[in-house]
There are 2 protein chains.
Amino acid sequence: MSTSALPYRPHNHDACVAQALADARAICQQRNARLTPTRERVLELIWQSHKPLGAYDVLAVLTEDGHNAAPPTVYRALDFLQQHGLVHRIASLNAFVGCTHAGKHHNGMFLICRSCGNVLELTAPNVAKAVSEAASAEGFQPEDVMIEIAGLCPACRAGAAHD
Amino acid sequence: MSTSALPYRPHNHDACVAQALADARAICQQRNARLTPTRERVLELIWQSHKPLGAYDVLAVLTEDGHNAAPPTVYRALDFLQQHGLVHRIASLNAFVGCTHAGKHHNGMFLICRSCGNVLELTAPNVAKAVSEAASAEGFQPEDVMIEIAGLCPACRAGAAHD
DNA sequence: TTGCAAATGTTATAATGTTGCAAATTCTTC
DNA sequence: GAAGAATTTGCAACATTATAACATTTGCAA
Ligand SMILES: [Zn+2]
Ligand SMILES: [Zn+2]
Ligand SMILES: [Zn+2]
Ligand SMILES: [Zn+2]
């Protein structure tokens with residue numbers, strides 16, 4: 001049994017953000033992709049917590065920043081970040097979350113707490129294997145696997161028990 | 001190796017629809033839920049093919065029908081159908097598809113062909129088990145599992161090979 | 001038949017996401 | 001360094017998806 005994973009345990013979140021930004025810079029440099037100020041700022045905002053953030057929430061902060069931003073500004077930045085595997089879109093929430101496996105090619109599996117909103121990204125080889133086998137059995141060739149699981153995180157389960 | 005599953009093989013689709021409607025009637029009767037004409041018509045439209053249908057597509061047909069319908073008409077019918085497990089919402093497409101396991105309590109796993117648009121709903125026990133184990137390992141209590149896999153169905157793989 | 005709950009009609013509005021084009025910036029090549 | 005190409009951004013309008021709020025009707029039961 002493992003110690004609980006990042007979003008679920010108290011941690012220095014500023015370090016999360018710093019690490020994510022540093023990784024992003026390294027990845028973009030390596031790929032000759034341009035992590036422009038707007039893109040970097042959007043990534044920073046997405047990482048402000050482990051809760052997914054909506055595009056229009058990002059837009060609101062950019063506007064507060066004094067940035068003259070419109071929806072395309074945000075969606076373009078998010079597209080860029082997604083393409084480079086720096087953020088993921090959570091389809092069931094229409095929102096975006098920082099990728100905790102940036103750089104590696106992967107399809108995440110997301111545990112979404114319906115109580116606190118935190119999202120944990122996992123890569124579960126057994127799940128990937130089972131999915132791949134199930135698809136193959138039907139002759140289906142998977143390209144993009146999206147797994148989003150809503151439920152209760154450990155902290156919120158504990159909290160709920162105290163009610 | 002199995003014979004290919006329903007949406008992938010030529011079949012009498014009218015029979016699909018008829019069966020789905022018959023099942024729906026039975027399920028609703030058994031639960032004292034009212035499958036009103038609007039709800040039944042929406043279900044029938046959703047079942048018009050194995051491709052997911054958007055809410056506003058449904059709305060357009062209802063309007064053609066002469067039904068004085070507005071968005072809430074459709075969304076309410078879809079909510080009802082979802083609650084009774086008669087349709088599923090495909091989050092990655094903002095669209096709805098008929099459930100092929102109606103009545104049974106389940107979370108489907110969807111194989112979505114990016115070429116033809118057909119969707120196959122599976123229940124893969126191995127996947128469910130792996131997901132459940134991966135979540136448990138993090139102390140997470142899953143409630144709603146959403147698995148949507150985009151790729152190529154057997155027919156479209158074959159077609160693509162001929163290009 | 002009267003009263004209640006469920007379902008529907010109706011209008012407006014919120015939330016999310018896209019298109020198209022022009023201006024500015026950055027990169028490349030000479 | 002300057003010209004030209006490609007990428008990025010600004011900006012306005014628009015498209016799509018979904019919900020809120022409240023009045024009205026319908027089905028059912030006491
Ligand atoms: Zn990731
Ligand atoms: Zn939680
Ligand atoms: Zn069919
Ligand atoms: Zn189903």
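Since this is a predicted model, take the numbers as computed values, not measurements.
If you measure from atom CG of B/D57 to atom P of D/dA18, you get 11 Å, rounded to the nearest angstrom. Rounded to whole angstrom, the span from the CZ atom of B/R41 across to the P atom of C/dA7 amounts to 21 Å. Atom-to-atom, OH of A/Y56 to P of D/dA18 comes out at 15 Å; the value is rounded to the nearest Å. Regarding B/L62, its CG atom lies at a distance of 14 Å from the C1' atom of C/dG9, rounded to whole Å. If you measure from atom CG of A/L35 to atom C1' of D/dT7, you get 15 Å, rounded to the nearest angstrom. For the pair B/N32 CG and C/dA5 C1', the interatomic distance rounds to 14 Å; values are reported in whole Å. If you measure from atom CG of A/L78 to atom P of C/dT18, you get 11 Å, rounded to the nearest angstrom. In this structure, A/H84 places its NE2 atom 12 Å from C1' of D/dT7, rounding to the nearest Å.
Under 4.0 angstrom from either OP1 or OP2 of D/dA18 there lies no side-chain N or O belonging to B/R76. An OP1 or OP2 oxygen of D/dA18 is reached within less than 4.0 angstrom by a side-chain nitrogen or oxygen of B/Y75. The side chain of A/T38 contributes no N or O atom lying less than 4.0 Å from OP1 or OP2 of D/dT8.
Looking only at atom types and distance, the side chain of A/Q19 has a donor-acceptor partner in the side chain of A/D23 under 3.5 Å away. Looking only at atom types and distance, the side chain of B/Q82 has no donor-acceptor partner in the side chain of B/H88 under 3.5 Å away.
Proximity of a side-chain donor or acceptor of A/E148 to a complementary backbone N or O of A/A91 within less than 3.5 Å is detected.
A/R34 comes within 4.0 angstrom of the backbone, heavy atoms only, and of no base.
The side chain of B/H67 sits closest to C/dG9 out of D/dC11, C/dA7, C/dG9. Each of D/dG10, D/dA20, C/dG17 was ranked by its minimum atom distance to the side chain of B/P72; first place goes to D/dA20. The side chain of A/F96 has C/dG17 as its nearest neighbour among C/dG17, D/dT8, D/dA18. The side chain of A/N68 lies closest to D/dC11, out of D/dC11, C/dT8, C/dG17. Closest contact between the side chain of A/N94 and the listed nucleotides D/dA18, C/dG17, D/dT8 involves C/dG17. With distances taken from any side-chain atom of B/T73 to the nucleotides C/dG9, D/dG10, C/dG17, the minimum falls on C/dG9.
Of the two residues near DNA chain D, A/A33 and B/A95, the one whose nearest nucleotide lies more 5' is A/A33. Between B/A70 and B/R39, the residue anchored closer to the 5' end of DNA chain C is B/R39, taking for each the nucleotide with the nearest heavy atom.
Note that CG of B/L43 and CG of B/L21 are 5.5 Å apart. Values are rounded to the nearest 0.5 Å. Once rounded to the nearest 0.5 Å, the distance linking OG1 of A/T38 with CG of A/D65 reads 9.5 Å. The structure places CG of B/N94 at 8.0 Å from CZ of B/F96, a figure rounded to the nearest 0.5 Å.
As the counterpart of C/dA5, D/dT26 is assigned, both hydrogen-bonding distances of the Watson-Crick or G-U wobble pattern falling under 3.5 Å.
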